[in-house]
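All heavy atoms count here, side chains included; hydrogens, waters and symmetry mates do not. Owing to the predicted nature of the structure, the values given are computational and were not obtained by experimental measurement. Within every chain, numbering begins at 1; the chains are lettered A, B, ... in the order of the sequence lines, protein sequences first and strands thereafter.
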Amino acid sequence: MSNSTTPLYEVRNIGKQYGSVVALDGVNFKIHAGEVIGLVGDNGAGKSTLVKALSGAHQPSSGEILLEGKPVVWKSPHDALEAGIETLYQDSGLAPDLSVSANVFLGREKVVSGILGKLGFLSQKQMDKEAHEDLERVGIAVPASNRSVSQLSGGQRQAVAIGRAVSWARKVIILDEPTNHLGARQAAEVLQIIKRAKERGLGVVFISHTLPHVLQVTDRIVVLRLGRVVADAPTSTFDAEKLLGTITGLIETK
Amino acid sequence: MNRIREVLKNQQFILVLALAVMVAFFSIKNPVFFSIPVFGNILSDWAPVVLMAVGETYVIMSGGIDLSVGSTVGLSGVAAAFVMRSMTTAGQNQNFTILVGTFIAMGVGLLIGLVNAFLITKARMVPFVATLATLGAARGLCIVTTGGGPIGEGPEKAISYSVPWFGPLNTPGIIIIVIVAICGLFMHKAKLGRYTYAIGSNSFAARSAGINVKLHLAKIYVLSGVLSGLAGMYLYIRLGSGSPSSGASGELMAIAAVVIGGASLSGGVGRMSGTVLGSLILTTVTSGLIIIGVAPNWNQVVVAVLIAGAVFIQGFRTWTKD
Ligand SMILES: Nc1ncnc2c1ncn2[C@@H]1O[C@H](COP(=O)(O)OP(=O)(O)O)[C@@H](O)[C@H]1O
Ligand SMILES: [Mg+2]
């Protein structure tokens, strides 16, 4: 058990360059268990780049990542997943030609018992059933498990992607613009899912352009501008106007 | 309109229908066509094509392409022929010699597959260019090592294995059918195929789901190489020698079989049964045209029409999706 003063997940002085573009410049932030962090910033502020560093999809050019106080290096998303960190990427992390359950179980397939299982033969029925249950448990109205994702609507796809991430997460869940392309009712469902994840003691990183959502569901807000953290404070210290001002730079914070 | 849509959605049904129509057509044109020896001949042509095409199916499903399969057939057959010639000169047991030859052929395929895998996953070359390079290199090696002629003087018994005994099938043919079935099961029932589809469908999603995409792609190109190596050995057994030109244009046949089978060249869509039927259609047409007396040069035109037809149907299916 980590005590409450050791952050669950922390980045220190993270930098990332794409050629001459500095996407992240000395970013620091912490997240505790059972805490929802809102990560906001204008387009191009570096949110998705930070997500990719947190999830192992990219390696940062500089800086340190600590999980429960211990430095970690993610060589691939596989490492971060193994450590209990799930990510929903903005640019959809689903394989459209695969079924719903194949996507939910992608990379963590259930195999049949015995030698065939060792050879990688899949227990498809089991996965169809469990995918359905997992999605239901996190509160998602589920389309049939064996439907191809390409046949789902944008909202349904997003729901499957969120359900996949939430049902597998053990420590941290990172959601990059999960309410994009969603209607009001579906977006409200996603916020409910975030609250439930928090109640389960997960650390949640919630990225969104919809500021009312961020103000409604987060405990703390980190504002990025041009690759730097320009504000990091409890949500209660922000109102919509101040948050918008901080994002756009109309309100100087540092 | 709905009817047509439903029928066209079932690729397998169309393929079986096309095959049946072809068999009927050729049989009516020349009744000799409908016979065990002719079917045996078609299956002998089909066996090496389906081996290449099965590997190609994995590669194409993953979103890649393997142009080196035909050259791999050539080089593996030639390498096996050299080894089997020395073993025969040394008076080795014939069956043992053939077994060793088979492993040599598979080994050469494995090596070429590893080179492809290295070029694609480590040197980050696109599959088209990487396998075009190995296509050229392997065929070049065939010519250089043989001087252009076939390598014979191997075990005399080899060619006897190509005699059909189970209806139109011979022993290598039966083995190949079993291998194809196993590859199909791995494609549709196991992780190997699941990851292949995932990578071809969205490789970023596959990677972020924790799949080692590079390792998986390496496996697929190696599989393709090994299967082509087996096809090289099969042609050795059929001809009784290793010819430097065997498997020439095999990549076109393999890719055509996969496409006629309904796969998408951009990956993620297709089935092994489609490839099996696609390759069977190709070899049936080739034999059928000869038997009804059409000049062999028409063959390529007919194959082209088949591919165009398959792509048209695929386009039609996508177009009517929503
Ligand atoms: N793969 C990439 N190659 C080059 N530049 C990139 C790449 N990804 C992001 N960037 C750049 O990095 C900056 C931050 O982008 P991003 O993290 O996507 O911002 P956000 O998600 O906050 O909109 C932008 O200037 C963007 O153009
Ligand atoms: Mg973004």
**Asked** In Å and rounded to the nearest 0.5 Å, what is the CG to OH distance from L106(A) to Y195(B)?
**Response** 6.5 Å
**Message:** Within this structure, what is the CG-NE2 distance for the pair L122(A) and H188(B), rounded to the nearest 0.5 Å?
**Reply:** 12.0 Å
**Item:** Under 3.5 Å donor-acceptor, N202(B) side chain and L94(A) backbone
**Value:** yes
**Request:** Say whether, by atom type as modelled, one donor and one acceptor occur between the side chain of R207(B) and the main chain of A57(A) under 3.5 angstrom.
**Result:** yes
**Item:** Worked verdict on F121(A) versus K191(B) for side-chain contact (heavy atoms from CB on, under 4.5 Å)
**Value:** CA-CA 6 Å; F121(A) 278 84; K191(B) 277 189 195 177; over 6 Å; no
Chain B heavy atoms under 4.5 Å from [X]: which part of the residue, side chain, backbone, both or neither?
{"X": "L116(A)", "result": "neither"}
{"X": "L81(A)", "result": "side chain"}
{"X": "V149(A)", "result": "neither"}
{"X": "T87(A)", "result": "neither"}

**Fill in**
Of the listed L98(A), D79(A), N103(A), V112(A), the one with the largest count of heavy-atom pairs under 4.5 Å with chain B is L98(A)
**Asked** Side chains of R194(B) and Q124(A): does their closest heavy-atom pair fall under 4.5 Å?
**Response** yes
**Message:** Does anything in residues 100-110 of chain B reach chain A? List residues with heavy atoms under 4.5 Å apart, or say none.
**Reply:** none
**Interface residues of residues 208-225 of chain B facing chain A - heavy atom cut-off under 4.5 Å** = S208(B), A209(B), G210(B), I211(B)
